[in-house]
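Some notes on the structure that comes next.
This structure is a prediction, so every number in the text was calculated from the model and none was measured. Below, chain A is the first sequence line, B the second, and so on; all start at residue 1.
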2 protein chains.
Amino acid sequence: MAETSEVFRVGLLGHGTVGGAFATLLEERAGAVAATTGLRPELSGVLTRSRGDFDSILEGSDLVVELMGGIEPAREYVLRAMRAGKHVVSANKQLLSQHGEELWAVARENGVQLRFEGAVAGVVPVIRVLQESLAAAHVERIHGIVNGTTNYILSEMARSGISYEQALGQAQELGYAEADPTDDVTGRDAAAKMAILARLAFSTPVHLDQVAYEGIEHITADDMAYADELGLGLKLIGTAERVDGGISVRVHPAFLYGQHPLASVNGPFNAVTVESDAITEITMSGPGAGGPQTASAVLGDVVSAMIPPASTPETTEALPLVGDVVSAFYVHMEVADRPGVLAQIAEILGMQGASIKSFVQRGLGDNARLVMVLHPLLESRLYAAVRMIAQLDFMRAAPRAIRVIDEDFS
Amino acid sequence: MAETSEVFRVGLLGHGTVGGAFATLLEERAGAVAATTGLRPELSGVLTRSRGDFDSILEGSDLVVELMGGIEPAREYVLRAMRAGKHVVSANKQLLSQHGEELWAVARENGVQLRFEGAVAGVVPVIRVLQESLAAAHVERIHGIVNGTTNYILSEMARSGISYEQALGQAQELGYAEADPTDDVTGRDAAAKMAILARLAFSTPVHLDQVAYEGIEHITADDMAYADELGLGLKLIGTAERVDGGISVRVHPAFLYGQHPLASVNGPFNAVTVESDAITEITMSGPGAGGPQTASAVLGDVVSAMIPPASTPETTEALPLVGDVVSAFYVHMEVADRPGVLAQIAEILGMQGASIKSFVQRGLGDNARLVMVLHPLLESRLYAAVRMIAQLDFMRAAPRAIRVIDEDFS
């Protein structure tokens, strides 16, 4: 235990929800940090929209914490801090998923650390585990629930049978969703996080623009009810995986069987599963966001930076991003209830190599609703089948397809 | 990426299941490690019971991996390696839970790293998360399923209604339990792991001898059936928590409600939940043991040691270990089926401040079986009540009490 406790000066950029929580937490835990590191952390300056001056904060700090969000001026400040030889801790997923390679290169060139645990899944330590525990592992796949807002909405739809709009309204009232929820509900927020995780897992450059994403706005209460009947739960799942010598990184709603480790993650929680031959599978879960939680992840990074270095190594792979992957699907169809309908649908499915795993049919007066789960097939072939089925004259609504994560957990 | 790849020499002590798997994995991943660290790891020597010489292995190594198990000569070798200025990676929970303070002190004095992720919960990165991500957090409590053998046995008893003896036999056939399963089924193995986790979480010295443990040998198929009826699942749970200015570290069977994050951890898996005000709760799970999995944790430590230091800081707290804690309980009683029985039991419970949360009674000819869940109370008072109830003349068998982890996860 250090008795003298030299001061370690922390400059803070941004003082919103996370920034404010970080300032409070830093003061509260300064004594404990001093006991662990021998250095007592102190806020040396705070930059907000209305006050503070970046140059003088930079000069007076040993480390800079960037919690402003957005691309500029965050990018410029982070670059300038690192070029001045300061370590940086950031929770800015947009910045890292779009300018990560530039930033990591500057960190390496200047021998400083750039840490970012808070950028993905809040306090769930997935960044550290990928960068350190699994630095030498051959990661095969990551599945993640990395957006708490959409997980809350889907959990509520499943729990109380309410519509997407009602669940979104509820999330907004409780502060789990913002007034403009676009980034969350379209899957773009999750896509940024998956780009960062894929970069670390596969040591290959991944930019947000390379991540295909699909949101949850089109999910209906009806899908949830059928899912329940089929023993499935619906989540917004981010996937980063090796496929045919390349990788696929994507975000979309997906059904999971009850035994899947992500199936029981409910409410505004995040969880990530990392698979590799040697480790089989690790799952980590916890609160995905919230000021104090993200602030805690940021403080963990600050403390690590105070002890010793770990830098993001250069990319050592240049893996192609694969567009078309294999998936199981749930398909929902409303048809006129007359003879020959199922035969025609089955013929189209067969042509595309799709085979039916489970099937529910229900009468609705003159119409019928057909819901089926298909065994895994190439997504391009499934969508070709869906387009052909949509043309059939007995269809009463556009057919809808949602992925099913169908793995053996027995 | 380093083109030259200098060699980093790894000396290996022990070549059993984990040692053999580590040697294989190291060779397999040497190229990836070189790409990440700029150094190419190579086995410089292996010590087994029948071959190898410690002195020459020590001299020829930059880092020593200890996978022998047991106290001596592992302790002597680890101490000598650190005194010679070498980093050490160990997966030896017995050694660390009994001689940890001595070893960590020598590591600090010699400025070397002693890493031990593989000692607790295999590849689940709980050591790193406690030492690094949560270095500045005020951890309130850890709950863990840290023994895969007992978790497999309990899962099988719950799943197929078989007896403890049958499930143990099955575990032995599948290689999940050893021929002599004493350390696992008595809870001693889990106690060693909880001692290590408590030391890291609370920065206070914790020795294996200070951990109270209770095993699963007395659990019956009948307990499992009642648990199911009451909506509970049974696990062997390790707990390390702050209590009244001190800490309590213990291992015992406990019932969990279905929503608890550990309730769905089945088979030979491990999982750990860490609670703290700022982070709320993180859960990590994965395969608890197995050669390749533990070897993977060991390799993660080796890679971290190749990059830069992280040392276990001195203990900064000296917290008393609290013996008597509050817990909810399941109580199972077989009584003669006659008037006044429940009244007498209820009176004793009332005297000890116990109140009933749920209750199941079932007739068995002239006898009746009473199963109840009690609201939380001091363990000493519960056991006093159980001793008094055992004296009642209408009791047909010794009453049995098992803890219930009763938390609000709504």
Side-chain angles (χ1 to χ4, degrees), chain A residues 1 21 25-26 28-30 32-33 35-38 41 117 122-125 128-129 132-138 203 259 261 263-264 266 271 274 276-287 290 292-293 295-297 299-304 307-311 313-317, chain B residues 1 21 25-26 28-30 32-33 35-38 41 117 122-125 128-129 132-138 203 259 261 263-264 266 271 274 276-287 290 292-293 295-297 299-304 307-311 313-317:
Chain A
M1 194 168 348
L25 188 65
L26 186 71
E28 203 177 293
R29 304 299 302 157
V33 175
T36 303
T37 64
E117 188 71 78
V123 78
V124 181
R128 187 183 298 270
V129 166
E132 301 175 25
S133 308
L134 301 178
H138 186 73
S203 295
Q259 311 92 299
S264 54
N266 289 313
V274 182
S276 139
D277 272 351
I279 63 167
T280 322
E281 175 180 293
I282 306 177
T283 303
M284 292 168 276
S285 64
Q293 288 80 9
S296 185
L299 181 58
D301 277 352
V302 170
V303 172
S304 294
I307 313 177
S311 68
E314 283 186 67
T315 57
T316 57
E317 304 279 350
Chain B
M1 191 170 347
L25 188 64
L26 187 71
E28 202 178 293
R29 304 299 301 157
V33 175
T36 302
T37 64
E117 188 70 79
V123 78
V124 181
R128 186 182 300 269
V129 166
E132 301 175 23
S133 309
L134 301 177
H138 186 74
S203 294
Q259 312 89 300
S264 53
N266 289 314
V274 182
S276 141
D277 272 351
I279 62 167
T280 324
E281 175 181 294
I282 306 177
T283 303
M284 292 167 276
S285 64
Q293 289 81 7
S296 185
L299 181 58
D301 277 353
V302 170
V303 172
S304 294
I307 311 177
S311 69
E314 281 187 67
T315 58
T316 57
E317 304 278 349

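Ranking B:Arg29, B:Met284, B:Gln293 against chain A, the residue ahead of the rest is B:Arg29, based on heavy-atom pairs under 4.5 Å. Interface summary for chain B: among A:Ala297, A:Ser276, A:Ser285, A:Ala32, the most heavy-atom pairs under 4.5 angstrom belong to A:Ser285. The greatest number of non-hydrogen atom pairs below 4.5 Å with chain B, out of A:Pro292, A:Gly286, A:Ala136, A:Ala137, is found for A:Ala136. Taking chain A as the reference chain and counting heavy-atom pairs below 4.5 Å, the highest number among B:Val123, B:Asn266, B:Thr283 is found for B:Thr283. Comparing B:Val33, B:Thr280, B:Leu134, B:Val274 by how many heavy-atom pairs each has under 4.5 Å with chain A, the most go to B:Thr280.
Between the CD atom of A:Glu132 and the CZ atom of B:Arg128 there is a distance of 5.0 Å, given to the nearest 0.5 Å. The distance from atom CG of B:Asp277 to atom OG of A:Ser296, rounded to the nearest 0.5 Å, is 10.5 Å.
Checking A:Glu117 against B:Ser133 by side-chain atom types alone, no donor-acceptor pair falls below 3.5 Å.
The contact between A:Ser264 and chain B is made entirely by side chain atoms (from C-beta outward), counting heavy-atom distances below 4.5 Å. Contact annotation for B:Leu25: only side-chain heavy atoms (C-beta onward) come within less than 4.5 Å of a heavy atom of chain A.
Residues B:Pro287 and A:Ile279 form no side-chain contact, since every pair of their non-hydrogen atoms from C-beta on lies 4.5 Å or further apart.
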